[in-house]
Structure formats: C-alpha cells, structure tokens
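Have a look at the structure below before the remarks.
Counting convention: from 1, in listed order, for ligands and their atoms alike.
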Amino acid sequence: MNYPRPFGPELSLKLKSFRGHAKPIKLGQIDFDSKLILAPMAGICNIPFRILMEDLGAGGTVSELISCHGINYGNQRTLEMLKIHPLERNVGIQLFGEDPESMAKASEVAESYGPKFLDINMGCPVTKVVTKGGGSALMKDIKNLAPLFEKMRSRMKIPLSIKIRTGWDSSSLNAAEVMKIAAESGIEWVAIHGRTRTQQYTGQANWDFIENLNEVKKTPLIGNGDLHHPYGVSERLQKTQCDALMIARGALRNPFIFLESLDPHYASQKRSVFNGSDYWEVVQRLHHYTTETFSEERTILVQIRKLVVWFAAGFPHAAAFRSRIFTCQNLEECMKISEEYFLGLGSAQKFINYDEVFMSSGHG
Ligand SMILES: Cc1cc2nc3c(=O)[nH]c(=O)nc-3n(C[C@H](O)[C@H](O)[C@H](O)COP(=O)(O)O)c2cc1C
C-alpha cells in the first residue's frame with residue numbers, strides 16, 4: 001500500500017496560503033523559517049514528525065533527548081536516533097548527560113550526522129536522569145556549567161544551545177545566572193520551559209518570569225510552556241519580548257497550531273478552517289514520511305496510530321475511532337479506518353477542552 005504525498009512534494013493550496021504568514025527569523029547563525037519552533041519530545045520528535053511539523057509551519061525542530069553515553073558506547077538504537085532526513089531544514093539534536101568529556105565526545109559524533117545545531121537538555125525532571133546528574137540536575141550546581149559548555153564548544157563547529165527550566169525549585173530560580181554563564185561560554189541561544197524541576201508539569205508555566213529574563217538576556221531567548229492553542233500562541237507572539245517560542249504538546253492534538261498561530265487575524269477568531277479532509281492530508285503525509293523512515297511494519301503502525309488518535313481529539317466520535325485504531329491488526333487497516341473517519345467528518349469542528357490535563361509528564 002502506498003499513499004503518495006497527496007499533492008506531490010507541494011503542500012495543498014490551503015496549507016500553502018497559511019504558510020505565507022511565516023516570517024523567517026535569525027537565532028545566532030541560523031535562519032529559522034518562523035518564530036515558532038517544535039519543542040523536543042521523547043518518543044515523538046523523530047524524523048517523520050519533525051518533517052511533518054516543518055511542512056506545517058514549524059520554523060525549526062529539535063530531536064528527542066539522546067543519551068551521550070548511548071552514543072559513546074556505539075549503541076545501535078541510539079545512533080539511529082541521530083539520523084536526519086535530507087528534507088529536514090532546521091533541525092537540532094538534543095543531547096543529555098552530565099560529564100563534560102562524555103558530552104563533548106558525543107557532540108562530535110552527533111555533529112557528523114548533519115544537524116543545524118546541538119542542544120543540551122537541562123530540563124529533564126525524570127529521576128533516572130537527574131540522579132546521574134543530567135537533565136535539570138545540571139541547574140543545581142552551576143559552577144560545573146562553564147567547563148561543560150566550553151568543552152563541548154571546543155569540539156564542535158555548529159551552534160550549541162541549551163534548554164532549561166526556571167530553576168530546580170521555587171527557592172532556586174537561577175535561570176538568569178545560567179543564561180549569563182551560557183552567554184559567556186559560547187552558547188548560541190537559550191530555550192526555557194517556565195516551570196521548576198520540582199513542579200514537573202503541574203501548575204502553570206510562569207510567563208512573567210520568562211518575560212522578565214528578556215531584560216537581562218545576552219543571547220536570544222525562546223519561551224516555552226502551555227502554548228496549547230493558536231489563540232494563546234498568537235497573543236503571546238504579539239506581546240512577547242522573546243526571540244522565538246517553542247510548542248510541544250499543543251502540536252499533538254492540533255498539528256495546524258503553527259500555521260493557525262502565525263496569522264493573528266485568523267487566530268483571534270478562535271475557529272479552525274481545517275476540517276477532516278485537511279487532517280486526512282496530514283495523515284497521508286505522516287504515512288509517507290513514516291514508511292520512508294522505518295522499514296518494519298509494526299514500528300510504522302505504532303508511530304502512526306498514536307498520532308492519528310491525538311489528531312482526532314476533539315472531533316465527534318473520537319473515542320470510538322481511538323478504540324478502532326488500537327484494535328486494528330495492521331497498517332493497511334489503520335489507514336483505512338483513518339481515511340473513513342477523517343473524510344467522514346465533513347465540516348465538523350474540533351472542540352478541545354484545554355482545561356483537561358493532557359500529557360503531564362515528559363523529559364524537559
Ligand atoms: C511526551 C513529552 C516528551 C518530552 N520530551 C522532552 C525531551 O526529550 N527533551 C526536552 O528538552 N523536553 C522534553 N519535553 C518537554 C517539552 O519540550 C516542553 O518543554 C514541555 O512539554 C512544555 O511545553 P508545552 O506546554 O508546549 O508542552 C517533553 C514533553 C512531553 C510532553
């Protein structure tokens with residue numbers, strides 16, 4: 001079964017017209033296609049999802065977190081994760097680890113796979129990562145940061161960025177100090193998720209805190225956290241002092257979030273023009289990129305079905321669709337059920353309850 005890209009390599013006219021609102025921006029030495037960047041997400045930001053999101057207006061993307069030790073041991077599965085597709089335009093690889101030598105060695109290998117930049121994960125709250133001193137634990141003992149940054153910088157040519165949290169906990173909100181060290185050690189830009197490590201994913205991202213950092217920043221700053229719907233993203237875009245914004249979970253239930261947010265007039269109407277057949281175009285693109293990337297049918301099925309179920313969220317009968325998808329036997333059936341569902345939606349509107357908790361754990 002082959003689902004070609006429905007409009008050849010080109011986007012449909014509707015998607016293209018939305019893309020026209022994307023204005024390129026420069027962060028450090030890199031020209032991103034728009035101010036909205038897809039945030040790294042473990043288990044999600046692989047090649048197919050990253051290409052799809054660039055198609056749909058993301059100015060750049062970041063891989064999921066990849067272990068420096070896995071790279072240095074030559075672990076085959078880890079090395080697979082470093083791969084980049086020629087269609088990817090502005091992709092970064094995110095590394096996690098703790099000691100400068102291992103991170104520097106891994107960064108040389110990662111760079112040889114051809115990303116536009118490398119990023120250090122300094123936000124992961126997961127116990128397994130922080131007990132070894134990686135992820136958000138890097139924000140605890142900041143005297144170790146300059147040697148880490150400098151060692152990595154000395155072994156690579158492309159830009160190096162960091163993704164941090166506001167601090168370890170509410171009594172150690174040290175993002176500004178981390179940003180200062182970063183700027184002095186050759187870090188090109190900083191992305192910040194507006195929560196502490198202790199908060200994990202609870203409460204709300206602290207946007208006042210993020211905006212205040214713009215007063216002291218010495219490098220470009222990318223704000224992140226709870227930008228879940230186009231209206232909210234567009235409002236933030238208009239008032240933020242940040243150089244760019246990052247979106248993670250919002251792209252899972254609404255793959256059009258980048259395109260919809262980039263047009264302020266459209267976003268203010270809070271009504272989507274993207275209907276079931278637009279979603280079907282997205283699913284076909286996803287199928288195309290996923291089958292191009294992975295060879296095992298089981299892997300392709302697992303990748304596609306979790307995304308189509310998220311994409312259906314908020315449309316009528318999404319729960320029934322979800323149970324059909326999760327009981328289907330193979331990829332062909334999954335695509336048939338998806339085609340029937342999305343094309344059968346006609347002009348039905350999507351209503352997502354943004355107050356409901358959605359994915360409250362992750363690696364950053
Ligand atoms: C499933 C999932 C996986 C994540 N994986 C990573 C990761 O690998 N690296 C990272 O820096 N952040 C990771 N994050 C954090 C996101 O990049 C982002 O900072 C966070 O979700 C807040 O943004 P949002 O409100 O737009 O989702 C992950 C988040 C989720 C939900």
Atoms of ligand 1 less than 4.0 Å from [X] heavy atoms?
X: G225; result: 23 (O), 25 (O)
X: A39; result: 17 (O)
X: M359; result: 1 (C)
X: K163; result: 10 (C), 11 (O), 12 (N), 15 (C), 16 (C), 17 (O), 18 (C), 19 (O)
X: N121; result: 9 (N), 10 (C), 11 (O)
X: L65; result: 8 (O)

(request) Go through the side-chain N and O atoms of T240 and E211 and say whether any donor and acceptor fall under 3.5 Å apart. (result) yes
(request) Verify the distance criterion only: is there a donor paired with an acceptor across the side chains of Q238 and S234 at less than 3.5 Å? (result) yes
(message) Heavy atoms only: which of G362, G123, C45, P40 lies closest to atom 13 (C) of ligand 1?
(response) P40
(message) Quick test of your reading of the structure: of D226, N224, I162, whose heavy atom lies closest to atom 18 (C) of ligand 1?
(response) N224
(request) Going by the side-chain contact (heavy atoms from CB on, under 4.5 Å) test, name the single residue among Q200, R195, Q199 that passes it with R197. (result) Q200
(message) With a 4.5 Å cut-off on side-chain heavy atoms, are E260 and N254 touching?
(response) yes
(message) Check E184 with K180, please: is the shortest side-chain N to carboxylate O separation under 4.0 Å?
(response) yes
(request) Before giving the answer on side chain to side chain contact (heavy atoms under 4.5 Å, CB included), spell out for V62 and C45 the whole-Å C-alpha distance, their side-chain angles and the decisive distance to 0.1 Å. (result) CA-CA 7 Å; V62 188; C45 292; over 6 Å; no
For [X] and ligand 1, does the shortest N/O to N/O distance drop below 3.5 Å?
X: I44; value: no
X: R249; value: yes
X: M246; value: no

(request) May I ask whether H228 has any heavy atom positioned less than 4.0 angstrom from an atom of ligand 1? (result) yes
